[in-house]
Structures are given as structure tokens and as C-alpha cells.
> 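Would you mind keeping the following structure in view while I ask a few things?
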Amino acid sequence: MTAPAQPLVPSYTSGISDIPLLGDTIGDNLDRTAGARPDAEALVDRARGERYTWAQFVAEVDALALGLLDLGVAVGDRVGIWAPNCAPWTLLQYATAKIGAILVNINPSYRTHELAFVLDQAGISLLVAARSFKTSDYAAMIEEVRPERAALQRVVIIDSDEWTALFHRDGDVARVREVSATLTPDDPINIQYTSGTTGFPKGATLSHHNILNNGFFVGQLIGYTEADRVCIPVPFYHCFGMVMGNLACTSSGATMVIPAPGFDPTLTLDAVAAERCTSLYGVPTMFIAELGLENFESYDLTSLRTGIMAGSPCPIEVMKQVVERMGMSEVAISYGMTETSPVSTQTRVDDSLDRRVSTVGRTMPHLESKIVDPETGRTVPRGTPGELCTRGYSVMLGYWEQPEKTAEVIDRARWMHTGDLGVMDDEGYINITGRIKDMVIRGGENIYPREIEEFLYTHPDIVDAQVIGVPDERYGEELMAWVRLRSGAEPLTPEALREFATGRLAHYKIPRYVHVVDDFPMTVTGKVRKVQMREEAVELLGLAQSPTA
Ligand code: AMP
């Protein structure tokens, strides 16, 4: 008798762990951490020259929370924060969490149109903002939109007299505790407008339970203890900064180090060296900028042990350099999105080096992943690409006041459909192969730009590469590579690239067009704006599509 056929193994995994989920609110968790090590360092803000021990940090958070209560801020009120990274941002994050006000992160690169949208959509009653940063005059932009915003009752500019007066240091902290005691971990506590590389911004609404646990497990997987000092050059307005950075630290006792208000490669490495940081975060382009500094070799980075690269596809070559040249031997790659708090998968420190530089790791503890056929919704077998879905404690409560939009991405069984394409191997490691919308179809052949970008990194003159599809009469779409070259390199022509790629890459995957640039159009979180690149490319190549009937 022949053995019955074995069914194929489905692309499904659940993350197991000996460590249970935390059942605290963010405020209680902070108090627990601070109570255990009051004199250790909690926060360093290099630009402001400020340092806080855990005892000082909690005292300031409580003083601010009391000031907010005295201002009339109530549980569930929306408090906006519009500022680059700074200690006041972090203080406000925890002060609002303690009194149950919902913090609304506002992207520091927004202009008036976007600000007005967020103020209205979230119904922000108190807005805390920096006065200005680089080309952004926040105070002036707020004054411009304020007259038409009835819901916005108060604006406080950081470092103004009004801001200073908000810290009620001699007040009765018991009042903060009374309010804290009424909160539950499943209450909404944060709204983040997804970065909008595609589509209209929507306010992902996250609970204490969502983001506290995600920050905690991100830190656990890279072994955070109070001996760690984490350099956070990624923006606080995004989960990478305020969850994987701040909450990972406050839930594990590690120190938060803010190297600068906005990303600057020199100030980042200065901070790592001067503060003896053990961990460094960044999106790939940040690491590329740091590794490319002329005086890179002069930095003492020997304190670095770990860190995280995330936010967009992480080039294998760059990961290898982070390990070899920065000494981040335990660096991890995380994959996720705002709607899932954000991290869904992460590499583990004991994964093989190959797995740690070439996959986004495995499912996070207590979460589930599956890969489905986007057409049928059925789970595909291991090794077959499809749409990655995430389920578990990290999935957002929903998009703020947009139940229909929520229902489009979270299904009846509570799976979040990410819109990312991935493939899961036999051991549960996941690779992100592209976005559903990021796929280029050339003459019927599906091309995943990610694959071409990885290939381009192997060219000795290319330091960074982005690949897009541009309209083409014959094939529907053609590939175009935007590349940044190493300084002093000869300009790269399409012919030279073809010669380099021929024989190593299928012919249809060799970009027809090459465009050499100094920088790519980016969002603040370091995501390349491919939509904008496509628009510019159409102009540049004179490809404007002819009108159709
Ligand atoms: P955001 O909501 O701004 O965090 O953007 C989330 C999106 O960034 C995801 O849906 C992915 O497309 C992309 N992303 C994040 N991390 C990674 C990663 N490690 N590899 C590939 N893509 C990523």
C-alpha cells in the first residue's frame, strides 16, 4: 500500500515565548521600571543638554500630567504633538498615557494643509508644538489654520512660559494616580497617521496593550536590560521612535538617548561614541549615511552590541557592513507597520548571520503570521509568495472614526492584511518581496523591485538604489533604476549597467533606464516616495501617456 499523500505545509506560524504578555497600562509599567532603579539614567537629550534619572523622569512626567489635568484635559481627549525628537516629546508621551489622554503624533514635515486635516480628523483639543525646526515655522503655521478650528482649544509651544507653567511640580500627584487607576490596558492611547506613501492618511488607533507589549518584546528579543543605552535617531512621531525606542526602553530599564532633533549622521555617531550606546536604530538610508561618512573610521563605536534596521527593505550588503564595520554583531531586522504597533516579525540574535541579514526573521512572540493568495484569501504553501497577514495583541483598535476603512484591512477573523508581499520558508523565516502595489509588470512578467535593488547593491559604484516601473508603449511598463553613486565614481550609463547585469540577471529584469541622483524623495520615516519618483520619471523621460479614448 502506498502512504497517503502528505498535505503541503501552510505558510502559517505563531510566535512562542516563555515570557507572558504584560497586562499593565503604560503609566503603571513606567512606575514599575522607575521604582526598581530610581538613580539609573532614563533619558539623555543631547541637543538640549538634559539628563534624567528614572526618578527625575517620572517626577517630571507626573508634574506634566498634573498640569494637563489642571488644564481640563480628560480621559479620551486628543492631545496633539507636533515636534521633532526632544525630551519634551517623551515627557508628553508618558504624561498623556498616565491620565488616559490620547496622544496624536503629527509628522514634523507636515505643512498647513496636512496639519488642518489631522487637527480636524482627530478632533485635537490641545496641541503641543515646537516653535520651529529647520524650514518649519510651526508656530506660524498653527496661527494660520487656527481661526477655522473650533475644536482646538489651546496651543502650547514647547519652552514657552506656558509650557514651563504646565509642570505642576508642587501639586498633589495622588490626583494623577487616581485617574491612572481608572484606565485599562485596552483603552486607546495613541493615534498615528500612517505615513501615506500611498493613499490618504488614516489614524491608526493604538491601545496601551498594543504598543507597550510590542515595545517590550522588541527589546526582549535583542536582550535589553538596564545596562543598555539605545541611540534613537528615528522619529518619535512614528512607532519606530516612540514604541521600539521609548517603550522598549521604559519597559526594560534601558536608557533612551536622543542624538539630535532630526536625523544627522554625524550627530548620531557622535552620540553613540560619547554616550557609549549599546544599540543603534535606523532605516537603511540612515545606516548608509553613517557608513558613508568620510571620518567614519575615527568614531569609537566599540560600545555597540545590537540595534535594529527596519522600515523598508533592508539591503543585505548594508546589514553586513553594520555587523562588520559598526560592530553591531547582534543587530536585528524588524518588519511591521503602524497598524500593528508596529513589529510583526523580527530576527533573533541567535539566528544564523545569513538569516539575520537576508530575512525579516520570524513571527514575534504571541503573534501569528500567515501568507495568503491575495485573490482567494487562502493560505499558500511554504515557499509560495502572497500577501502577509498578522493577527494578535498588536493589531490596532482601528482607524480613528473610519470603521469602513478599518474593515477593509482587518477581516472578520481579526487578521490585519498588510498589503505587503512575502514568502515563508520551511523554518518559518519570512522574506518581504515587495508591496502589492509596488509590483512592476513588464510584458506580463511580474518583477519585484526589491530583487533588482538587492542586485544593484552588488555593483561596486552603487551605494543606494531604488527601482520603479515607468509607462512603456510596448511592454506596459519598463524598469527604471535610480542610483546614488560612491563619490568619485564615473557616471553610470544604462549601457554600462546592462553590461554589468547581463548574464547575472534575467534580461527582462535589467533596468532600461538609469537615473543618477544625490538623494531620493523621502518621507520623514525614511520611506522612499516611489509615487513621486514615478511622476518625476515620466517628466524626465518625456513619457507622458498619450490621451486615450
Ligand atoms: P509604516 O506604517 O510607515 O511603518 O510602513 C509600513 C510599511 O513599511 C510596511 O507595510 C512595509 O511595506 C514597509 N516595511 C517596514 N519594515 C520593513 C522591512 N523590514 N522590510 C521591508 N519592508 C518593510
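In each ligand, atom 1 is the first atom listed, and ligand 1 is the first ligand listed. Hydrogens, waters and symmetry mates are skipped; everything else that's a heavy atom, side chains included, is used.
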> Ignoring hydrogens and geometry, is there a side-chain-to-backbone donor-acceptor pair from Asn29 to Leu212 under 3.5 Å?
no

> Taking the six-membered ring where the residue is Trp, are the ring centres of Tyr138 and Tyr110 under 6.0 Å apart?
no

> Relative to the heavy atoms of His238, which atoms of ligand 1 are at a distance of less than 4.0 Å?
1 (P), 3 (O), 4 (O)

> As an exercise, identify every atom of ligand 1 less than 4.0 angstrom from a heavy atom of Pro313.
20 (N), 21 (C), 22 (N)

> So, regarding Thr338 and ligand 1 (criterion: nitrogen or oxygen to nitrogen or oxygen, under 3.5 Å), is there a contact or not?
yes

> Test your reading of the structure: does Ser334 have an N or O sitting under 3.5 Å from an N or O of ligand 1?
yes

> Using a 4.0 Å cut-off to any heavy atom of Met337, which atoms of ligand 1 qualify?
2 (O), 4 (O), 6 (C), 10 (O)

> Can you check whether Phe296 reaches Leu301 side chain to side chain, under 4.5 Å on heavy atoms?
yes

> Of all the heavy atoms in Met309, does at least one lie under 4.0 Å from an atom in ligand 1?
no

> Mark yes or no: Lys405 above the aromatic ring of Tyr399, with NZ or CZ under 6.0 Å from the six-membered ring centre and no more than 45 degrees from the axis.
no

> Is there a polar contact between ligand 1 and Gly311, counting only N or O atoms under 3.5 Å apart?
yes

> For ligand 1, which atoms, with element, lie under 4.0 Å from some heavy atom of Asp420?
9 (C), 10 (O), 11 (C), 12 (O)

> Whether the side chain of Arg355 engages the backbone of Val360 through a donor-acceptor N/O pair (distance < 3.5 Å, no angle test) should be reported.
no

> Within this structure, what is the CG-CD distance for the pair Leu206 and Gln192, rounded to the nearest 0.5 Å?
5.5 Å

> Using a 4.0 Å heavy-atom cut-off, which part of Pro342 comes near ligand 1: side chain, backbone, both, or neither?
neither

> Contact between Val360 and ligand 1, counting heavy atoms under 4.0 Å?
yes

> If we ignore hydrogens and angles and just use 3.5 Å, is the side chain of Asp464 paired with the main-chain N or O of Thr285 as donor and acceptor?
no

